[in-house]
Amino acid sequence: MMIEIEEVSNNYEALPLLSLNHVSLLCRSVWDSMRFYEEVLGFVPIKRPSSFKFNGAWLYNYGIGIHLIENPSNDDFDTIVEPRPINPKDNHISFQCRDVGLVKRRLKDMGMKYVTAVVEDEGNRVDQVFFHDPDGYMVELCNCENIPILPLSSCSLKPRLSSFNRATPAKCGFMENAMMESLSMEMLNISF
């Protein structure tokens with residue numbers, strides 16, 4: 001039996017995105033979630049549009065917003081009623097940090113449960129710390145900047161379709177250039 005894979009050519013350019021703006025999270029208690037994102041992660045409450053007719057809060061820091069939407073009903077969305085194990089392979093939101101050791105000490109001082117993991121690649125090491133917010137959403141804090149961001153087209157090993165012996169088509173160029181330009185601009189904007 002031979003399986004054919006049809007390659008669909010996309011004649012459209014990527015959407016004109018600029019950056020990630022915010023992450024929106026349903027929560028049982030806006031107050032509890034605000035306290036967590038302020039005290040644990042250092043977010044700051046910001047003004048929210050007055051036209052909203054539901055309880056919520058907006059927080060901001062690190063170039064990203066967290067929008068909290070209160071929904072105390074367990075039936076209306078998939079909340080975590082029973083605490084589940086902290087699994088680094090689960091959906092999560094990740095933030096880079098300067099000192100993973102300090103993060104672990106502070107989480108321990110706050111009595112928060114967490115799991116650690118290590119990623120190594122070509123002599124580079126990333127330390128990761130995973131924990132849950134009050135509603136069970138997973139948060140990761142890491143030193144991910146230790147692994148360089150390289151477009152796949154710049155790597156010596158090209159990805160292959162896992163069960164087929166065909167190389168992934170190299171329709172690259174624009175995206176790699178845009179990523180590298182963005183990365184270069186970010187590096188120039190670093191303040192010492």
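- Annotation: the span from S24 atom OG to L68 atom CG amounts to 8.0 Å, rounded to 0.5 Å.
- Residues forming a ring pair (Phe, Tyr, Trp, His ring centres under 6.0 Å) with F130 (at least two apart in sequence, or on another chain): H92.
- Pairs of residues two or more places apart, or lying in two chains, that qualify as side chain to side chain donor-acceptor pair (under 3.5 Å) and include a residue from residues 118-131 are R125-D127, Q128-E140.
- Of all the heavy atoms in L59 and F43, the pair that sits closest is CB-CB, 3.8 Å.
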TODO: Kindly indicate, with the supporting measurements, whether the criterion side chain to side chain contact (heavy atoms under 4.5 Å, CB included) is fulfilled by V126 and V118.
DONE: CA-CA 6 Å; V126 170; V118 174; over 6 Å; no

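- A distance-only check finds no donor-acceptor pair linking the side chain of N71 to the backbone of R28 [under 3.5 Å].
- V115 and P88 get closest at one heavy-atom pair: CG1-CG, 4.2 Å.
- Applying the disulfide bond (SG atoms under 2.5 Å apart) definition to pairs two or more places apart or across chains, none involves residues 91-131.
- By the rule that hydrophobic residues join a cluster once side-chain heavy atoms approach within less than 4.5 Å of another member, L141 and L20 end up as members of one cluster.
- Residues I86 and M138 are in side-chain contact: their nearest non-hydrogen atoms beyond the backbone lie under 4.5 Å apart.
- The hydrophobic clustering, which links ILVMFWY residues whose side-chain heavy atoms are closer than 4.5 Å, places F131 and V119 apart.
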Report, one line per pair, each donor and acceptor closer than 3.5 Å where one atom sits in a side chain of residues 35-42; sequence neighbours left out.
{"from": "Y37", "atom 1": "OH", "to": "D133", "atom 2": "OD2", "distance (Å)": "2.7"}

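- Sorted by first and then second residue, the side chain to side chain donor-acceptor pair (under 3.5 Å) pairs involving residues 49-60 (not counting sequence neighbours) are N55-E70, W58-H67.
- One hydrophobic cluster holds both L107 and F95 under the rule that ILVMFWY side chains link at heavy-atom gaps under 4.5 Å.
- Distance check, rounded to the nearest 0.5 Å: CG of L150 to CG of L152 gives 9.0 Å.
- Both F52 and I66 belong to a single network of hydrophobic side chains, linked directly or stepwise wherever heavy atoms of I, L, V, M, F, W or Y lie under 4.5 Å apart.
- In the hydrophobic clustering of ILVMFWY residues, with side-chain heavy atoms under 4.5 Å counting as a link, W31 and I46 come out apart.
- Inter-residue side-chain proximity for N21 and I64 is flagged as unmet; no heavy-atom pair is nearer than 4.5 Å.
- Interatomic distance, L25 CG to D135 CG, rounded to the nearest 0.5 Å: 8.0 Å.
- Considering all non-hydrogen atoms of both residues, Y114 and M112 come closest at CD2-O, 3.6 Å.
- The two atoms that bring M34 and A57 nearest to each other are SD-CB, 3.4 Å, heavy atoms only.
- A distance-only check finds no donor-acceptor pair linking the side chain of Y137 to the backbone of C27 [under 3.5 Å].
- Sorted by first and then second residue, the salt bridge (charged side-chain N to carboxylate O under 4.0 Å, His left out) pairs involving residues 88-111 (not counting sequence neighbours) are R84-D90.
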